[in-house]
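Let me begin by presenting the structure, written as structure tokens, before commenting on it.
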Amino acid sequence: MSEYQISRGARVYEKVVEKIKRSIAEGDILPGQPLPSERQLMDSFGVSRASLREAFRVLELLGLIESVPGKGRFVRQPRAVAADDQTLPLEESAILELMEARRILDPAIAAESAMRALSADLTRLLQIVSVGADQAVGPKARARIDFDFHLALAEATHNFVFVNLTRMNFDLIMATHERIYNLLNDKDAFLLEHRAIYDAVCDHDPARAREAAAAHIDRIYKTLLLNIASN
């Protein structure tokens, strides 16, 4: 890994994450290979051990590296997810794994929201759905609206575990939002599906809410899989 100092300004660990992600993407460190030692990376980047370890935590959550007790940290091996066992780039494989987890989590949150949402929750969801059509322009804006909607949906469950899981999932999504939302060039479907989930929650219909959320995340997953596998 080439040496480069991290400039100050934004949070230091985020810049470390980006540098290591770039090294992985460019093949400086290959799947299965160990990262340089903490001391080497601290010296190369000019950062503290605390910042470096926070970057490691984020990279592990992103599915890009794994820690092996007694051996160090290694670049993960990407999974073969295509029908022909095509091996995808590691970051894209990790994106699909995140969406697979959401295929289980999101319908459960929507159903629970439909059972527990209060009037204030419904008002908040309606506000987000209503402004989405005007503001969902570009990947960053759509990522923010998506986060706001799904966080409000989780908050409507009044279950802190669902809220924290949603925050964690979207922390990872926001870290790769340009890649994800550039592949999801589907503003109209995106907004209509949010509206369908909201309508079911508003009607306190958990079965319909679960079905609408499942259709939403299934379409996203299949769209990402198709676009990633074809690139």
Side-chain angles (χ1 to χ4, degrees), residues 1-105 139-140 143 165 168-185 217 220-231:
M1 182 181 293
S2 59
E3 293 190 2
Y4 26 39
Q5 296 289 304
I6 297 294
S7 60
R8 301 305 184 218
R11 287 181 289 187
V12 173
Y13 79 87
E14 293 177 339
K15 298 196 174 214
V16 175
V17 168
E18 289 306 311
K19 295 293 186 183
I20 296 177
K21 280 172 62 179
R22 188 178 310 154
S23 291
I24 293 171
E26 293 176 353
D28 294 337
I29 318 173
L30 299 174
Q33 288 187 339
L35 295 182
S37 70
E38 287 190 4
R39 174 50 58 190
Q40 287 176 292
L41 291 173
M42 289 164 60
D43 291 343
S44 294
F45 294 147
V47 299
S48 68
R49 190 180 302 274
S51 293
L52 184 62
R53 288 187 173 177
E54 182 63 14
F56 287 154
R57 185 187 71 83
V58 173
L59 289 163
E60 287 184 15
L61 287 172
L62 287 170
L64 299 180
I65 68 172
E66 59 184 341
S67 180
V68 180
K71 295 185 178 180
R73 295 177 178 88
F74 294 77
V75 178
R76 283 188 65 217
Q77 294 282 358
R79 293 189 314 163
V81 296
D84 59 358
D85 289 333
Q86 172 190 356
T87 298
L88 300 177
L90 180 56
E91 186 169 356
E92 295 181 343
S93 175
I95 286 171
L96 292 177
E97 288 184 66
L98 172 61
M99 293 303 166
E100 287 172 3
R102 284 189 61 194
R103 293 174 87 185
I104 297 171
L105 182 63
K140 188 171 184 179
L165 285 171
M168 183 182 73
N169 282 338
F170 272 87
D171 281 347
L172 305 185
I173 289 170
M174 296 301 276
T176 54
H177 72 268
E178 289 187 3
R179 180 62 175 146
I180 292 175
Y181 290 91
N182 277 326
L183 290 172
L184 296 172
N185 188 19
I217 193 62
I220 289 172
Y221 175 78
K222 289 172 183 175
T223 300
L224 286 171
L225 179 61
L226 178 64
N227 286 330
I228 286 172
S230 65
N231 287 344

TODO: Starting at NZ of K19, measure out to CG of L41 and round the result to the nearest 0.5 Å.
DONE: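 One finds 13.0 Å between NZ of K19 and CG of L41.
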
TODO: Starting at CG of L165, measure out to CE of M168 and round the result to the nearest 0.5 Å.
DONE: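 Spacing of CG (L165) from CE (M168) equals 5.5 Å.
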
Any side-chain heavy-atom pair from [X] and [Y] closer than 4.5 angstrom?
| X | Y | answer |
| --- | --- | --- |
| D43 | Q40 | no |
| V68 | P34 | no |
| L98 | N169 | yes |

Looking only at heavy atoms, what is the nearest atom pair of [X] and [Y], with distance?
| X | Y | answer |
| --- | --- | --- |
| I217 | R103 | CG2-CA, 3.7 Å |
| G27 | L30 | O-CD2, 3.6 Å |
| P36 | I29 | CD-CD1, 4.2 Å |

Task: Test: E18 and K21 ion pair at under 4.0 Å - done: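 The answer is yes: the pair qualifies as a salt bridge.
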
Output a table of donor-acceptor pairs, distance under 3.5 Å, between side-chain atoms of residues 52-65 and any protein atom two or more places apart or on a different chain; print 'none' if there are none.
from, atom 1, to, atom 2, distance (Å)
R53, NE, E38, OE1, 3.3
R53, NE, E38, OE2, 3.0
R53, NH2, E38, OE1, 3.2
R53, NH2, E38, OE2, 3.4
E54, OE1, R57, NE, 3.3
E54, OE2, R57, NE, 3.2
E54, OE2, R57, NH2, 2.8

Open item on the list: Tell me every residue that passes side-chain hydrogen bond (donor to acceptor under 3.5 Å, both in side chains) with T223, counting only those two or more places apart in sequence or in another chain.
Closed with: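 Scan of T223 (side-chain hydrogen bond (donor to acceptor under 3.5 Å, both in side chains), adjacent residues dropped) gives none.
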
